[in-house]
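The model shown is predicted, which means the values in this text are computed figures rather than measured ones.
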Amino acid sequence: MATATHMLTPEEASAHPPQEAVVVRFAGDSGDGMQLTGGQFTLSTALAGNDLATFPDFPAEIRAPQGTLFGVSAFQINFGSTQIDTAGDQPDVLVAMNPAALKTNVEALKPGGLIIADAGEFGQRNLDKAKYASNPLEDGSLGKWQLLKLDISALTVEAVKPFGLGNKEALRCKNMWTLGLALWMFDRDRAPLIQWLKDKFAKAPNLAEANIAALNAGHAYGETAELGALGISQRNVSAAPSEPGLYRTVTGADSISLGLVAGAQLAELPMFFGGYPITPASAILHALSKFKEYGVTTFQAEDEIAAIASALGASYAGSLGVTSSSGPGIALKGEAMGLAIMTELPLIIVNSQRGGPSTGLPTKTEQSDLYQAVYGRNGDAPMPVIASRSAADCFDVAIEAVRIATQYMTPVMILTDGYIANAAEPWKVPDMSTYKPFPVKHHTELPAEGEKFLPYARDEKLKRPWVKPGTPGLLHRIGGIEKAVDTGNLDYSPANHQAMTDIRRDKVANIDIPDQVVEQGQAGGKLVVVGWGSTYGPITTAVRRARAKGVDVSHIHIRHIWPMPKNLGDLLKSYEHILVPEMNTGQLKTVLRDQFLVNAVPLNKVSGQPFTIAEIEGAIARHLSSDKPEELGPDNTQLPSPEAVNP
């Protein structure tokens, strides 16, 4: 039977107006299928027409010890009838499949929020593993939240009994029972998920039917258990307004893969992807392997260095070379990036950032590779760097990276992070006829009679010609040793190295990129919040709320990290104060201070979790209320003066 505490009366529940947005978090053991449950709930939410954003959060271990605090896997989704920019701050509903899941997630739940707990898992052994002195479902410690405790394990076993499964197999269906209850709570259609289960277990129809029975049983429980008497009723979140068109749900890895394919098509080039498995970048290799019909070749190399070297070799041969990794792998690829810069060949490097240094936090998110991307190679080795702000934005960022790489003969790094790579959101499939092609023409023109081909001759963009090896009459040499201006012959002379270093610098510095725009607000004012990457969602929501209260605050979000937009310096200097939220210890802040001599103040977070809206709202309020905002850090700590940082 279901029991509940701290519930609203039916009259109180009916008095509450419909919610525009709801945040739900599913949490349990890694083996409980929380990512699968969250993913399928996301599918049903997208089909219902809600706007949404998700945040999968899981341990680094493939299968952490069952019932332990560090083995908890969670999936959060924020969905609503209005624009959704983040996965939400505080969940309205927490589904906790065991004591460890409850303990690690309950403090994030908003006061008065609903806990749905599998009471069948709250035995003494699991309570001990979660370091509970007593059962929280019984001792009153959860009094500030609504509590619905039911023996999901027993209810699931009963639901699948007709299919003859063993106890272990039967319990694997409890995530579907839980999903069924969640579908009932938010008035979701089960039919697409039933079809998905039939397809997934097409070779094991008995398992398909068992999981469908569990799904239906959870839904039926919600319908028949008279939960309304406990203040728990269905919540119907209406569809969000949207432009007409074809939509699909994408993760950042999906979107960047589609963008790379689209970019290669716009450049009229075959693509070669050389990669090595690493969290959270591996999904790009998996996605691109499905696009062979678009001229995409994928290669899983034996290590990170072989992966980028193979991609660079493909670029030398006339294809678009692409590789991807995360921080540790990007470090290993550094020498080959320098080779790409020296040989001036197009190459795309995708860095799905995670917590570091070294192996760091494999499954957590961070933005701490900006220095690595901009400066992290030996010698003066400039390379364009572009950052994506969201899962959907990865598509256009990938196309932009391909454009720059092929039009300027340079490697380009794309920065995403673990949050963007794994998170999902709705994406309107674009009309590709609106994208301007930038077809590549490999150089085939022979030099005039009596002249030699010059592989390092320059056009107005300082771009050298791209010649496929074996092109008749255009024999040439490239490599990692310094090249003579124009001829490409080996040349160690001081004047030549100075000239070539300046050329490589100027080529990247003069790349044609759009001027920086102000996302919210206007040029000039009291305060501007400057972000990059996945901080876009919480910043844009926090600034929108602050501006609704009459606060003079604007928002700038930088896509082109290097080179930076030419108008950015003047734009930043038009504000009295600059606040820079980052999931690192202040890397963009340092670059802005260095490039534009502005007093950018950091707001830093390196917990492996994304910023919440409340954290940025609080920082805006603290900053504007301080007598000396230029000295105010994220926690009211004193910062060094700009003169001390940049003497």
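- Of the possible donor and acceptor atoms, none in the side chain of Asn126 sits under 3.5 Å from a partner among the backbone N and O of Pro99.
- Aromatic rings of Phe41 and Phe26 (six-membered ring for Trp) have centroids within the 6.0 Å cut-off, being under it.
- Judged by the 6.0 Å distance and 45° axis criteria, Lys507 is not positioned over the aromatic ring of Tyr408.
- For Arg25 and Glu107, the salt-bridge test fails: no basic side-chain N is under 4.0 Å from an acidic carboxylate O.
- A salt bridge does not link Arg354 with Asp369: every distance from a Lys NZ or Arg NE/NH1/NH2 to an Asp or Glu carboxylate oxygen is 4.0 Å or more.
- Annotation: side-chain contact (heavy atoms from CB on, under 4.5 Å) contacts of Asn584 (sequence neighbours excluded): Gln367, Ser368, Trp532, Glu582, Gln587, Asn604.
- Side-chain N or O atoms of Ser255 include one that pairs as donor or acceptor with a backbone N or O of Phe395 at under 3.5 Å.
- Sorted by first and then second residue, the side chain to side chain donor-acceptor pair (under 3.5 Å) pairs with a member in residues 299-308 read Glu304-Ser325, Glu304-Lys333; sequence neighbours excluded.
- Electrostatic pairing of Arg559 and Asp393 counts as a salt bridge here, judged by a charged N lying under 4.0 Å from a carboxylate O.
- Taking a cutoff of 4.0 Å between a charged side-chain nitrogen and a carboxylate oxygen, Glu519 and Arg389 qualify as a salt bridge.
- Side-chain contact check for Thr54 and Glu425: no donor-acceptor pair (N or O, by modelled atom type) lies under 3.5 Å.
- Checked for salt-bridge contact, Lys110 and Asp92 meet the test: a charged N lies under 4.0 Å from a carboxylate O.
- For Gln595, the CD atom is densely surrounded, since the number of other residues' heavy atoms within 6.0 Å is greater than 12.
- Ring-centre distance between Tyr419 and Phe55: below the 6.0 Å cut-off.
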ask   = Please walk me through it: do Val580 and Leu588 pass side chain to side chain contact (heavy atoms under 4.5 Å, CB included)?
value = CA-CA 8 Å; Val580 186; Leu588 179 64; 4.0 Å; yes
